[in-house]
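Let me begin by presenting the structure, written as C-alpha cells, before commenting on it.
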Amino acid sequence: MTSYQSTLAEGEGIAEELAEAQRSISIAEFFEKNRQMLGFDSGARALVTAVKEAVDNALDATEESSILPDIYVEIQENDDYYRLIVEDNGPGITKEQIPKIFGKLLYGSRFHAREQNRGQQGIGISAAVLYSQLTSGKPAKITSRTKGSADAKYFELTIDTDSNEPEIEGEDTTSWDRPHGTRIELEMEANMRARNQLHDYIKHTAVVNPHARLELREPQEHFKFERATDQLPEETEEIRPHPHGVELGTLQKMLDATDSYSVSGFLQEEFTRVGGKTADKVIDNFRDRHFGREMAWSAPATHEDADIESAVSDAVANKGAEATAEFAASIAAEIDDAGSVTHSRVQGIVETVAEGVEEAYATTFGSTVREKAAAAAWGAVSDERTGDIYALVDEATTDRKDDAHVQGLAERVATKFEDEENPHDRLTRDQVEDYVDRAADATEEYDEATFGETAREKVVDAIWGQMSTIPDEPPNITAIDDDRDTASELHEAMRETDIIAPPTDCLSPISDGLVLEGLKKEFDADFYAASTRDASVHGGDPFIVEAGIAYGGDLEESSSADVMRFANRVPLVYQRGACSITDVVKTINWRNYKLDQPGGSGIPNGPAVIMVHVASTNVPFTSESKDAVANVPEIEDEVERAIREAARDLKSYLKKRRSMEKRRRKQDKLATILPEMAEKLQEVTGKGELNIDDSLARIMNNVLVDREHENGTVRLIVENNDDTNASLEITDIVSEDPGEVDGANVVEMDGEYFVKWTPEVKAGTEASIEYRVDGDATFDVQVEGIEDEKLTINA
Amino acid sequence: MSTDSDTQSEADAREQLIDLAAEFYDQFAGGEVPTMSIPTRTKSNIEYDEEMDVWVYGDRESTRSAKTVSGAQKLLKATYVIDFLAQQLEEDRSSTLRELYYLSESFDHEEAQFNSQDESNQLIEDLEIVSDVRREEFHMRPEESGATVMGPLLIREQTRRGEREIHCQEDVGEGGYQIPNNPDTIEFLDNDADFVLCVETGGMRDRLVENGFDEDHNALIVHLKGQPARATRRLTKRLRDELGLPVTVFTDGDPWSYRIYGSVAYGSIKSAHLSEYLATPDAQFIGIQPADIVEYDLPTDPLSDSDVNALESELEDPRFQTDYWREQIELQLDIEKKAEQQSLAARGLDFVTDTYLPERLDAMDVI
C-alpha cells in the first residue's frame with residue numbers, strides 16, 4: 001500500500017515530530033513537568049502505573065506472537081526503594097530492539113496506527129524506566145531470551161536525559177528458566193499505599209484477559225489468576241481511515257501524498273468502506289458544494305407566451321424546413337415529456353435530438369446550431385419561473401399562509417433567478433438560502449406577511465430538492481489539493497455521505513462469551529450477563545463497547561456496585577469520577593432494572609459488578625495517563641446501550657428471582673400451615689390420614705407429577721396448575737421392563753429402564769402416559785424443564 | 001325450654017361444626033383447594049328481606065381460600081376454633097370471646113394464634129354464618145353483658161343452679177334484672193307492661209327508675225348500655241314477638257345513637273345473618289330527634305367532622321332510607337348541632353318523665 005497512511009507511522013510521523021520538539025528541553029525536565037499527565041505524580045501511583053505499563057506491554061508482546069500470556073509480577077521492598085519485576089513469556093527481544101522499546105521516550109510503532117492496541121501512545125514503559133532512573137538512580141535491568149536461543153541476554157539500560165537516547169551500560173549473557181520471554185526489573189521510589197488499586201488492576205486485567213495467566217507477588221500478598229480459555233484474542237488488522245474520521249488537515253496531507261488523479265480513485269484507494277458507488281455519492285455531494293445545483297423548470301404550458309417549438313425553429317437557420325420542424329418539435333416534445341428540466345438536461349436533449357435528425361435528414365446540425373437551439377429552448381423553459389416557485393412554496397408552507405403572500409414570495413424568489421451572470425440557474429445551497437431570505441424579508445416588509453425560520457427552511461429545502469446535481473466533471477486531485485476551500489468542500493461531502501461503519505477486524509472485542517467467562521472466573525456470583533455491541537464509529541475510529549454484569553453470590557451486599565472500566569483490555573483504576581463510563585452508569589435508572597439506587601441516580605447499590613470495555617483503534621482518553629475515557633457522545637451512547645442490554649437480562653433474572661423468593665416464602669408458609677390444618681382436621685373429624693400434596697400443588701400453581709399404580713398398570717400424570725405452558729423432560733427409571741410405551745422412549749441401561757417422556761403441558765391441563773410392568777417394580781422419576789419451586793412430585 | 005332440647009341443640013351445634021371440618025377434610029382428600037365462602041359483611045351487601053321485614057346479607061360472597069397465605073391462616077384458625085368449640089360443647093362448658101382470644105395463645109401452632117380480638121370475634125361470626133349455628137349455641141359469651149330490665153314482668157330463668165322465678169320490679173334492686181347471655185333460657189310468665197322503653201345511657205335509665213316511670217306508665221325499661229349486646233336485642237325482640245309489646249328506643253340525638261336504634265330495629269351489619277333472630281323491625285325511635293333540639297330548644301354541642309361524616313354515611317345506609325330518617329338527618333346537618341338525653345335536665349329533672357316522654361309517646365300512639 002503506497003498510501004499516506006502507511007507512512008504516517010514510519011517516516012515523518014507525528015511521534016517523531018513531537019519527540020523532535022521535546023528535544024529542545026531536557027527529557028528529565030519534560031518528565032518532571034508532565035508527571036501527573038503520565039501517571040507518576042506520587043510514589044503510590046507510580047508503582048501502579050509502572051506495573052500497568054509493564055503488564056500491558058507484556059500482554060501485547062505475547063499476543064502479537066500468538067502466545068498465551070503467562071505474566072509474573074513481583075514487588076519487593078528494598079530498603080528505601082521498591083523493586084518491580086515483570087516477566088512475560090513473549091517472543092523475547094534482540095539487543096537492537098531493546099533500547100528502542102525500553103529507552104526512548106515517545107517511541108512507539110503504533111502511535112497513530114488505526115489498530116486496537118493496549119499501549120496506544122507508546123509512552124508508558126519508557127516513562128517507567130525514566131521514573132525509576134530519576135528516583136533511584138539505578139538502571140533498568142532487562143533479561144530477554146528469544147525462542148530457540150540457548151542463553152538469555154542481560155542488559156542494564158539508562159536514558160541519557162540530555163539526548164533522550166537510551167544507553168546500554170552493562171551487557172551480559174545469563175541463564176533463565178523461561179524458554180523465551182522478557183524480564184524487566186526497575187527500582188524506584190514508591191510505596192504500597194495504592195495496594196487496592198494494584199490488586200484491582202491485576203484482578204481486572206484477569207477478568208478481561210481470560211486467556212492470560214497472571215501472578216502477583218507483593219510483600220504482603222500473593223495472587224494467582226489462572227486462564228479460563230485457551231482462545232487468544234482475534235488478531236487485529238490495521239485499516240485505512242474511514243471517511244468520517246479524518247480531519248481536514250489530514251485530508252489535505254493525504255491529497256498531497258496520493259498518486260490518484262481523480263477524486264473517485266483517491267476515495268476508493270485511500271479510505272476504507274469506499275467503493276465505486278459510495279465514491280459516486282461522495283462526489284455528487286462534492287459537486288453540490290463545489291458547483292452548486294441547477295434549477296429545473298417545467299416546460300411552458302400552452303397558455304404561456306413562451307413556446308419551445310417556435311423558439312427553436314427561429315434559432316435554426318438554413319437546415320431545411322422539414323428537418324428544422326422535426327428538430328424543433330422533437331425538442332419541445334422531449335422537454336414536455338420530462339416535465340421539468342435543468343439547463344444541462346436541455347443541452348442533453350438537444351444533443352440527442354440533433355443526432356437523430358442528422359441521421360434522418362442527412363443534414364448536419366453543428367455545434368453552433370445546437371448551442372443556439374439549446375439557448376432558445378432554455379430561454380423558453382426559463383421564461384416563466386414564478387409558477388414553479390409558487391408551487392414549491394405553496395407545498396412547503398402551511399395552508400394557513402395567505403395566498404397573496406405565497407405569490408409575493410414566489411415572485412420575489414423567481415426574480416432573483418433572472419441574473420445575467422447566472423444564465424443556467426446554478427446555485428449553491430447557501431445562495432438558495434440567501435435568495436429565500438431576501439425574498440422573505442421583502443415579502444414581510446412590503447406585504448406584511450410573516451415567514452419564520454421554519455417556513456424559510458422548508459422553502460429552501462423544497463427548492464434545493466427541485467434542483468439537480470450538475471453532471472460536470474469534479475475538479476481533479478491536484479486542483480483540490482491546491483485550494484483549501486475545495487478541499488474543505490470535499491471534506492464536508494465525505495462527512496455528509498452515509499457510509500457503512502468501518503470494518504471491525506481492526507478491533508478485538510473480548511466477546512460476550514468470554515466476558516462471561518472472565519466474570520465467572522474472578523467473581524463468585526449467582527448471575528452473569530454480558531453484551532457486545534456492534535461496532536460504531538467516533539471520528540472515523542471504529543469502536544466496540546462490551547458490558548458485563550455479575551450479581552449476587554459472594555459479592556458484597558451492603559455497598560454500592562463495583563464499576564470496572566476497561567479500554568482496549570486495560571483496566572482503568574484511577575480517575576473514576578472523571579470517566580464517561582462512570583457518568584453513564586450513574587445516569588442510568590437502575591431501579592428499572594431492579595437494583596437499589598438511592599435518589600434514582602448514581603452508582604446503584606447491591607451485590608453487583610458492572611464492567612464496561614471500550615475497544616477502539618483510538619480510545620479517547622481525558623489525559624495521557626489514560627485513566628479515564630473522555631466524554632464522546634457516540635461512545636457514551638454505545639456504553640449506555642451495552643449496559644442496558646446486559647441489565648435487561650439482570651432485570652429478568654432479578655424479577656424471576658424475586659418472584660421465586662416470594663413463591664418460596666409462600667410455599668414455606670403454606671407448607672407449615674396446611675399440614676397443621678390437615679392434622680387438626682383428622683383430629684376433629686376422626687377420619688384417616690390426609691395426603692395434601694395434590695392440594696398443595698394446585699395452590700402453588702405447581703406442576704404436579706402423580707403416579708397411579710394398580711394391577712400392574714402404571715399411569716404417570718402431569719397436571720399443570722400454572723398459568724403458563726410447561727415443556728417437560730420426564731425420565732421414569734423403572735426396575736422392570738415396561739415394554740413399549742406409547743408417547744415415550746424406553747432405553748435400557750444396566751438392567752434399569754429409562755422411560756423418557758417429553759410432554760408439552762398447556763396451562764391448566766394434564767397429560768399422561770400409561771404402561772404395564774410385572775412384579776414389584778420400583779420407580780424413580782426425574783423432571784427437568786421446570787424450576788424446583790414449581791414442581792411437586794408425588795410419584 | 002327443656003334440658004332435653006338444650007342438649008339436643010348442643011349436639012346439633014357440635015354436629016354442624018364437625019360437618020364443616022369434614023368439608024375441609026374432603027376438599028383436601030379430593031386434591032382440591034380448601035375454601036370457605038361467606039357473605040361479604042359490608043354496608044353495600046345488605047338488603048331488605050321483605051318477608052322477614054329485616055335487613056339481611058345480599059348475594060356477594062368473599063372466599064377464604066388456602067391459595068393465599070392469609071386465607072390459609074384463616075382456615076387454620078377456623079379449624080383450631082372448631083376443634084376448641086367442639087370440645088367445649090362436649091364438656092358442656094362456655095367461654096367468652098375474650099377468653100377465646102387469649103386461649104389461642106395456647107394453640108400449639110403459632111400460625112393458628114389470633115393477632116387481635118377483632119380477628120377472633122370475626123372468626124366466630126364467620127363460623128356462625130357458615131355452620132348456621134348461633135354463637136350462644138357454641139357457648140360463646142361476650143365479655144360484659146350486664147344490660148338490665150326494670151318493669152312489671154315475671155320471668156323464669158334457667159340457671160346453672162336450677163330454675164329461678166324473678167319479678168323484674170319486685171325481686172330486683174335498683175339495678176334491675178340482669179339479662180343473661182343467652183336470653184333464650186328465659187321464659188316469660190306474666191306481665192303488666194304496656195310497652196318497652198329501651199334507653200341508651202345509664203344516667204337516663206337511672207333517672208327514669210328514680211322518677212318511677214316504669215311504675216307510672218307500666219313500662220319495661222331496658223338499658224341498652226350503648227351499642228346493645230346481642231342478648232339485649234334478642235330479649236327486646238322476644239318481648240315484642242311473644243308479649244306483643246310495642247318497643248320504643250330512647251337515645252342521644254347524634255348519628256352514633258341513631259345507629260343504636262338501627263341495630264335494635266334493623267339489625268347490625270356485622271350480624272345481619274342473625275337479623276331474623278335479633279332485629280325488632282317495628283321498634284320506634286323516640287328521640288332525641290333533631291326536631292326535638294329545635295322544638296325544646298335543648299342545650300347542644302356543635303357537630304364534629306366525624307359526626308358529619310357519620311350522618312352522611314347514614315344517608316347512604318340502606319337501613320336509613322326512609323322519609324322520616326332522611327328528613328331528620330338532613331335537619332341535623334342543617335342545624336349542625338347534637339344533644340344528649342340528659343340535656344333535657346336543663347328544663348328540670350322531672351321534665352323528661354313528666355313532659356318529654358309522655359308527649360313523644362303520645363305522639364307515637366304508644367300511650
Side-chain angles (χ1 to χ4, degrees), chain A residues 659-708 715 717-723 763-766 768 789-795, chain B residues 13-36 63-91 103-104 106-115 123 127 130-131 138:
Chain A
S659 98
M660 280 300 156
E661 254 167 37
K662 231 171 124 185
R663 180 186 278 270
R664 203 165 24 240
R665 271 203 302 275
K666 179 180 168 186
Q667 216 152 7
D668 285 353
K669 198 120 202 194
L670 288 177
T672 56
I673 294 174
L674 295 180
E676 203 60 39
M677 178 173 164
E679 201 180 303
K680 205 76 192 174
L681 287 173
Q682 281 160 220
E683 218 176 289
V684 176
T685 58
K687 297 190 185 184
E689 199 163 321
L690 264 178
N691 180 351
I692 62 168
D693 284 356
D694 288 9
S695 295
L696 265 181
R698 280 228 172 93
I699 289 165
M700 297 314 305
N701 299 332
N702 268 2
V703 169
L704 171 70
V705 179
D706 227 337
R707 183 191 305 279
E708 287 170 10
R715 232 164 85 81
I717 306 147
V718 177
E719 189 184 298
N720 184 0
N721 296 298
D722 205 350
D723 47 14
T765 64
E766 58 172 54
S768 65
E789 287 86 350
K790 292 176 130 182
L791 178 69
T792 306
I793 297 180
N794 201 9
Chain B
R14 192 167 177 277
E15 198 64 32
Q16 299 273 37
L17 285 171
I18 290 175
D19 280 355
L20 188 59
E23 222 172 281
F24 293 148
Y25 183 97
D26 293 342
Q27 285 171 335
F28 265 132
E32 289 165 39
V33 179
T35 50
M36 180 166 99
T63 304
R64 315 257 188 274
S65 161
K67 245 185 163 45
T68 65
V69 170
S70 66
Q73 281 169 332
K74 285 204 172 92
L75 292 182
L76 177 69
K77 287 170 193 179
T79 312
Y80 267 77
V81 170
I82 287 171
D83 181 46
F84 164 75
L85 292 176
Q87 270 185 44
Q88 168 168 292
L89 287 172
E90 201 167 65
E91 294 165 10
L103 205 112
S104 81
S106 73
F107 290 166
D108 45 11
H109 200 271
E110 205 182 309
E111 299 288 349
Q113 296 170 8
F114 291 110
N115 301 315
L123 180 64
L127 289 178
V130 188
S131 65
F138 294 151

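Each chain gets a letter, A, B and so on, in the order the sequences are listed, and its residues count up from 1.
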* Asked: Quick one: does S65(B)'s side chain have a donor or acceptor within less than 3.5 Å of a partner on K67(B)'s backbone?
  -> yes

* Please check if the side chain of E766(A) supplies one atom and the backbone of I717(A) the other of a donor-acceptor pair under 3.5 Å. => no

* Asked: When heavy-atom pairs shorter than 4.5 Å are enumerated against chain A, which of L17(B), L75(B), T68(B) gives the highest number?
  -> L75(B)

* **Distance-only donor-acceptor check, side chains Q27(B) and E32(B), under 3.5 Å** => no

* Asked: Do the side chain of T79(B) and the main chain of K680(A) share a donor and acceptor less than 3.5 angstrom apart?
  -> no

* Check each atom of E110(B) against the heavy atoms of chain A and say whether the ones under 4.5 Å are side chain, backbone, both or neither. => neither

* Would you give the length of the straight line joining atom CG of L123(B) to atom CD1 of I82(B), rounded to the nearest 0.5 angstrom? => 8.0 Å

* To do: Against chain B, label E689(A) side chain, backbone, both or neither, depending on which of its atoms sit under 4.5 Å from a heavy atom there.
  => backbone

* Contact class of A86(B) relative to chain A, heavy atoms under 4.5 angstrom -> neither

* **Residue among G688(A), G686(A), A678(A) with most heavy-atom pairs under 4.5 Å to chain B** => G688(A)

* Under a 4.5 Å heavy-atom cut-off, does chain B meet the side chain of E676(A), its backbone, both or neither? -> both

* Asked: Hey, which of K669(A), K687(A), E683(A) has the most heavy atom pairs under 4.5 Å with chain B?
  -> K687(A)

* So L674(A) and F28(B), side chain to side chain contact (heavy atoms under 4.5 Å, CB included) or not? Walk me through it. -> CA-CA 10 Å; L674(A) 295 180; F28(B) 265 132; 4.0 Å; yes

